[in-house]
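All residue numbers refer to positions in the sequence shown, counting from 1.
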Amino acid sequence: MAPKWRELADRLAERIKSGEYAPGEQLPHIRALVDAGEGSKATVHAAYKALEAEGLVTSSRGHGTIVRPQSPLKRISIERYDKVKWRDGDEVAFVADRVASGRAYRRGEQTQTVSRIVAPAIVAAAHGLPAGSEVYARARLVKEGEQPTHTLTSYYRPEHVEGTRLVDPTPGPAGRGGGFRVLYDAGYEIDHMREEIFARAATPEEVKQLQLPFGEPVVELHRTTYTADGTVVEFAIGVHAASYFAWRYDFQVPDSGRDRQKGE
């Protein structure tokens, strides 16, 4: 037989998933469930902690236990970088994700700090720079409403971005079309990129910054962006709250055998 806290957590989870408790709604106070005969204070507290660990609710002092949105943002693939979005329009990548997810957005939901630093080893290696070289770090925190969803820090060679909007710390995207448009205007048109992702435990600083529930992992993204001649013009590291995103990739299936036959 499952412990009482587990049985209570399962009942509450079903009510959340059925929509009886809607996203953003506060669950009853612990004392209310105790008075309703759902168990002791320790039982209800354990049930709420289980729901939090499973990503169904968030708990904070002064706000109680709140049901989390159950529809994660679509983190789309190559179409988020379509040049028509940022070169010819004003739809930066995080906005493209919101549009694809049918979610509202405000440009002010992205803030940033910019600094010139000694390149960390991984950044120097990505840019092919010797140890001790300096780079610009453009660190952004992105929110949906008041809830942080991810951070993204882009690292640039100074000679590529000096004097551009990419080193301007004004909050929000770097002007119309964002960072890729700035690089394009500076003569560095992006051509292809590599993305690598992996999951890991969150650091204490990330838990605080992203307001993560207990036990939630993060998904770390490494993005290397190239021009047509292979020059690296951006290396970025993103840290995403795992339960806030569904990662979607669409691509053409290669047929290297047929390609070789065509070349013969």
Side-chain angles (χ1 to χ4, degrees), residues 75-99 105 107-143 149-198 206 209 219-240 247 249 251:
R75 205 281 185 177
I76 54 178
S77 56
I78 57 176
E79 63 266 37
R80 77 196 304 268
Y81 301 122
D82 189 340
K83 293 181 182 181
V84 74
K85 297 181 185 298
W86 53 264
R87 183 192 60 203
D88 307 329
D90 191 23
E91 192 173 298
V92 296
F94 92 88
V95 170
D97 291 340
R98 301 287 175 87
V99 171
Y105 64 89
R107 294 181 68 83
E109 290 175 334
Q110 175 181 300
T111 60
Q112 74 233 7
T113 59
V114 179
S115 56
R116 185 162 174 161
I117 63 171
V118 174
I122 189 173
V123 174
H127 277 285
L129 295 170
S133 298
E134 290 190 342
V135 293
Y136 275 106
R138 182 169 176 259
R140 284 93 83 199
L141 174 65
V142 183
K143 297 182 178 182
T149 60
H150 65 289
T151 64
L152 185 69
T153 302
S154 296
Y155 299 92
Y156 305 97
R157 295 190 187 194
E159 62 267 28
H160 291 163
V161 298
E162 199 74 72
T164 72
R165 297 190 307 275
L166 280 174
V167 295
D168 179 352
T170 302
R176 180 177 173 81
F180 292 146
R181 177 58 188 265
V182 175
L183 290 169
Y184 176 81
D185 289 342
Y188 301 103
E189 181 174 3
I190 67 170
D191 178 77
H192 58 283
M193 60 180 63
R194 176 186 297 121
E195 290 191 343
E196 302 170 275
I197 59 174
F198 57 93
E206 290 163 349
Q209 186 176 35
V219 175
E220 184 167 320
L221 163 77
H222 292 181
R223 180 178 76 198
T224 311
T225 305
Y226 304 84
T227 61
D229 66 2
T231 300
V232 175
V233 290
E234 180 213 39
F235 176 69
I237 298 177
V239 178
H240 300 69
W247 298 69
Y249 285 93
F251 49 86

Do Arg75 and Arg80 come within less than 4.5 Å of each other through their side chains, counting heavy atoms only?
yes
Parallel, tilted or perpendicular, as decided by the 30° and 60° cut-offs, for the rings of Tyr188 and His160
tilted
Looking at Trp86 and Tyr81, would you say the former's side chain and the latter's main chain have a donor-acceptor pair under 3.5 Å?
yes
With no hydrogens and no angle check, just 3.5 Å: does a side-chain donor-acceptor pair link Thr164 and Glu162?
no
Taking all non-hydrogen atoms of both residues into account, name the closest pair between Ala137 and Ile117 and its distance.
CB-CD1, 3.9 Å
All side-chain contact (heavy atoms from CB on, under 4.5 Å) counterparts of Arg98, not counting sequence neighbours
Leu73, Phe94, Arg103, Tyr105, Glu109, Val142, Glu144, Thr149
CD of Glu91 to CG of Asp82: how many Å apart, nearest 0.5 Å?
9.0 Å
Applying the side chain to side chain donor-acceptor pair (under 3.5 Å) criterion to Arg223, which one of Glu195, Glu196, Glu234 satisfies it?
Glu234
Could you pull out every donor-acceptor pair under 3.5 Å between side chains of residues 178-186 and any protein atom, sequence neighbours left out?
{"residue": "Arg181", "atom": "NE", "partner": "Asp185", "partner atom": "OD1", "Å": "2.9"}
{"residue": "Arg181", "atom": "NE", "partner": "Asp185", "partner atom": "OD2", "Å": "3.3"}
{"residue": "Arg181", "atom": "NH1", "partner": "Arg87", "partner atom": "O", "Å": "2.6"}

State, to 0.1 Å, how close His127 and Val233 come at their nearest heavy-atom pair, and which atoms those are.
CE1-C, 4.1 Å
Does His240 reach the side chain of Ile197, with side-chain heavy atoms less than 4.5 Å apart?
no
Between Lys143 (side chain only) and Thr111 (backbone N and O only), is there a donor and an acceptor less than 3.5 Å apart?
no
Nearest atoms (heavy-atom pairs only) where Ala236 meets Leu152:
CB-CD1, 4.0 Å
Measuring from Leu166:CG to Gln112:CD, what's the distance to the nearest 0.5 Å?
9.0 Å
Any side-chain heavy-atom pair from Thr224 and His222 closer than 4.5 angstrom?
no
Set of ring-ring contact (aromatic ring centres under 6.0 Å, His included) partners for Tyr226, sequence neighbours left out
His192
Rounded to the nearest 0.5 Å, how far does CZ of Arg138 lie from OG1 of Thr153?
10.0 Å
For Phe251, is the CZ atom crowded, meaning more than 12 foreign heavy atoms sit under 6.0 Å from it?
no
In the structure I gave you, are the side-chain heavy atoms of Val167 and Tyr156 within less than 4.5 Å of one another anywhere?
no
Across all chains, not counting sequence neighbours, the salt bridge (Lys or Arg N to Asp or Glu O under 4.0 Å) partners of Arg157 are Glu159
Pairwise side-chain contact, Val232 with Thr225, heavy-atom cut-off 4.5 Å (strictly under)
no
For Tyr136, check ring-ring contact (aromatic ring centres under 6.0 Å, His included) against everything at least two apart and list the hits.
none
Quick check for you: to the nearest 0.5 Å, what is the distance between Leu221 atom CG and Trp247 atom CH2?
5.0 Å
Name all pairs fulfilling the salt bridge (Lys or Arg N to Asp or Glu O under 4.0 Å) condition that reach into residues 120-134, sequence neighbours left out, sorted by first residue then second.
Arg116-Glu134
